[in-house]
Number of protein chains: 2
Amino acid sequence: MARRYGAAAPLAGPWNETIATLLDHRSVRGFLSDPVPAGTLETLIAAAQSAATSSNMQLWSAIAVTDPGKRKVLAEIAGNQKHIEQCPLYIAFIADMSRNERMSQAEQVTFENLPYLETFMVACIDAALAAQNAVVAAESLGLRTVYIGAMRNDPAQVHELLGLPPKAFVVFGLCVGYADPAAKNEVKPRLPQSTVLHHERYDAAPEARDRPAYDAEMAQFSSRNEMQATTWTARMLNRMGPIKSMNGRERIRATLAKLGFEIR
Amino acid sequence: MARRYGAAAPLAGPWNETIATLLDHRSVRGFLSDPVPAGTLETLIAAAQSAATSSNMQLWSAIAVTDPGKRKVLAEIAGNQKHIEQCPLYIAFIADMSRNERMSQAEQVTFENLPYLETFMVACIDAALAAQNAVVAAESLGLRTVYIGAMRNDPAQVHELLGLPPKAFVVFGLCVGYADPAAKNEVKPRLPQSTVLHHERYDAAPEARDRPAYDAEMAQFSSRNEMQATTWTARMLNRMGPIKSMNGRERIRATLAKLGFEIR
């Protein structure tokens, strides 16, 4: 709790080893070349499939990518994230409406629900719930992970590279492997609970006190880990301010339309 | 593995208690009135905040709702899901771009990234990753859960009821509590891994064999649990075919526009 929240840590409630593993999460971008144990992929996918899925629609799929040539292209699409090439296991998570559409075609029943934002959201959320279970399973085995949202920098190229059908796209990737102990990876502080957790009604009032406190925590964290003290506010102004920081993702709606997603 | 996949179960890979907990998930809709232990909410939110979040934007919030009047309205919105009233802990998970927008206003820096589908997706995915960690934490404590996607049946009314600002909406709710042992809750089989997990490239070929096998598993599951043998295919034709099964969610894009989401 202290590492996750700094001075703003709430009192710990019920606790066990699984919760300790969850709290200990940090994204890792430096991996050893050691392979993961045999059967790890199948265990992670079983954990992923055990997550809830809206109405059991199961609107997601996964592709394990090992081919070094493909990994290299994916790393380039992601702005040269070398860990995509280096990690022993790379899984692309797919928001996948194509499987259910194939059922629609095979059964000759129009699936009227497909072209809506609602169904698109369900596909993205199904993929996210599944992937997070895979992350928890991996971390419980002593592995580390990092999500690669930058697959969305160029969804059309990823789509082509992995041979996806229409109405399927890679919503994010996931690197899995053993952390390189030479890479410093500290638990990252998050916003105080008083900013994130509300009771009965949304209440933005605590932000006025919480944001400066969190800025101070993040400045200390970044100076310990990245040599340049930067507040959360400064990072957000940089990340959410200029359109160029979207790295092309501002075009995703148009690209997804070409890949068969109507998003009405 | 056998309960999750039936006859199509893959060989188990690495295994531990956390993975066993993940595999044992089932959604529960009948809860005892017993309260959850003190501090449970704070522990679940700490687990949720420990999930990855895109660029540390933390585009989600949560509201714990205890007021019986509010619970009743939420249950009605969700098509009279009584467990929303009965569970000891109900958490609404919010895709929340409003907090970062308030920063934009306070710092007088335009956040150009806000009106895009990309940022909306990140908010939904951030909320989903967080919520799934809360689910895993809850289940590790012997609690059970069920997601309530039906908060999206009427996002405007939920928005009003919980006093949300613009650019925030309840993407789903989560019931948490101790399962009523009188309610039968078996692990639900999922599609075979050969349909969901691909290697190097997407391959739809296994579906031709897998779907009939899964239909048989689901027919047996439903006859054991719900007294009417129904295949997965039949359920999907019913769920995804007619627009009426969306319960109004086909209007979500227009409603979200009114709540401040541009989704360009």
Side-chain angles (χ1 to χ4, degrees), chain A residues 10 13-14 16 18-19 22-23 25 27 37 39-40 42-43 45 47 49-50 52 54-55 58 61-64 67 109 111-113 116-118 121 124-125 128-129 132-133 136-137 140-141 147 149 163-164 190-191 193 196-202 237 239-241 243 246 249-250 252-253, chain B residues 10 13-14 16 18-19 22-23 25 27 37 39-40 42-43 45 47 49-50 52 54-55 58 61-64 67 109 111-113 116-118 121 124-125 128-129 132-133 136-137 140-141 147 149 163-164 190-191 193 196-202 237 239-241 243 246 249-250 252-253:
Chain A
N16 59 33
T18 298
I19 290 169
L22 293 169
L23 270 282
H25 168 79
S27 295
T40 298
E42 289 71 19
T43 292
I45 295 298
Q49 288 194 264
S50 298
S54 187
S55 301
Q58 307 183 58
S61 295
I63 304 185
D67 177 72
V109 172
F111 277 14
E112 295 178 0
N113 299 0
Y116 290 92
L117 174 63
E118 161 67 16
M121 284 169 56
C124 293
I125 292 167
L129 300 179
Q132 188 57 21
N133 259 17
V136 173
S140 79
L141 294 168
Y147 282 108
L164 297 190
R190 297 282 195 237
L191 284 163
Q193 287 205 354
V196 170
L197 173 62
H198 309 261
H199 296 269
E200 307 300 343
R201 287 180 67 81
Y202 195 98
L237 296 181
R239 173 63 179 77
M240 304 194 74
I243 198 82
M246 292 189 81
R249 294 189 216 171
E250 70 277 14
I252 201 167
R253 181 131 203 272
Chain B
N16 59 34
T18 298
I19 290 168
L22 293 169
L23 270 282
H25 168 80
S27 295
T40 298
E42 290 72 19
T43 291
I45 295 298
Q49 289 194 262
S50 298
S54 188
S55 301
Q58 307 183 59
S61 294
I63 304 184
D67 178 73
V109 172
F111 278 13
E112 296 178 1
N113 299 359
Y116 291 92
L117 174 63
E118 161 67 15
M121 283 169 58
C124 293
I125 292 168
L129 300 179
Q132 188 57 22
N133 259 17
V136 173
S140 79
L141 294 168
Y147 283 108
L164 297 189
R190 297 282 194 236
L191 284 163
Q193 287 205 354
V196 171
L197 172 62
H198 309 263
H199 295 271
E200 307 301 343
R201 286 180 67 82
Y202 195 99
L237 296 181
R239 173 64 178 76
M240 304 192 76
I243 199 79
M246 293 189 80
R249 294 189 215 172
E250 70 278 14
I252 201 169
R253 182 134 200 272

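As a basis for the values below, the full set of heavy atoms in this structure was taken, side chains included, without hydrogen atoms, waters or symmetry mates. First the proteins, then the strands, lettered A, B, ... as listed; each starts at 1. Note that the structure is predicted; figures quoted are calculated from it, not measured.
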Quiz prompt | Contacting moiety of B:Asn16, where chain A heavy atoms sit under 4.5 Å | solution = side chain

Quiz prompt | Under 4.5 Å from a heavy atom of chain A, the part of B:Val109 involved | solution = side chain

For the interface with chain B, which of [options] has the highest count of heavy-atom pairs at distances below 4.5 Å?
{"options": "A:Leu23, A:Ile252, A:Thr40", "answer": "A:Leu23"}
{"options": "A:Gln49, A:Arg249, A:Arg253", "answer": "A:Gln49"}
{"options": "A:Ile243, A:Ile19, A:Val136", "answer": "A:Ile243"}

Exercise. Could you walk me through whether A:Ile125 and B:Tyr147 pass side-chain contact (heavy atoms from CB on, under 4.5 Å), step by step?
Key: CA-CA 12 Å; A:Ile125 292 167; B:Tyr147 283 108; over 6 Å; no

Heavy atoms only: give me the nearest [X]-[Y] pair and the separation to one decimal.
{"X": "A:Ser55", "Y": "B:Arg239", "answer": "OG-NE, 2.8 Å"}
{"X": "B:His199", "Y": "A:Ile63", "answer": "C-CG2, 4.2 Å"}
{"X": "A:Asn133", "Y": "A:Ala47", "answer": "ND2-O, 2.9 Å"}
{"X": "B:Leu141", "Y": "A:Pro14", "answer": "CD2-CB, 3.7 Å"}

Using a cut-off of under 4.5 Å for heavy-atom pairs, which of [options] has the most such pairs with chain A?
{"options": "B:Pro37, B:Pro10, B:Ser61, B:Gly241", "answer": "B:Gly241"}
{"options": "B:Leu117, B:Leu22, B:Val196", "answer": "B:Val196"}
{"options": "B:Gln132, B:Arg190, B:Arg201", "answer": "B:Arg190"}
{"options": "B:Ala52, B:Gly149, B:Ser54", "answer": "B:Ala52"}
{"options": "B:Ala137, B:Gly39, B:Ala62, B:Cys124", "answer": "B:Ala62"}

Practice problem: May I ask you to decide if A:Asp67's main-chain N or O and B:Glu200's side chain share a donor-acceptor pair within less than 3.5 Å? | Solution: yes

Quiz item: Does the A:Thr43 side chain pair with the main chain of B:Gly13, one donor and one acceptor, at a distance under 3.5 Å?
Solution: yes

Practice problem: Give, for atom CD of A:Gln58 and atom CG of B:Leu191, the distance between the pair rounded to the nearest 0.5 Å. | Solution: 4.0 Å

Quiz item: Given a strict heavy-atom distance threshold of 4.5 Å, which part of A:Tyr116 is in contact with chain B: side chain, backbone, both, or neither?
Solution: side chain

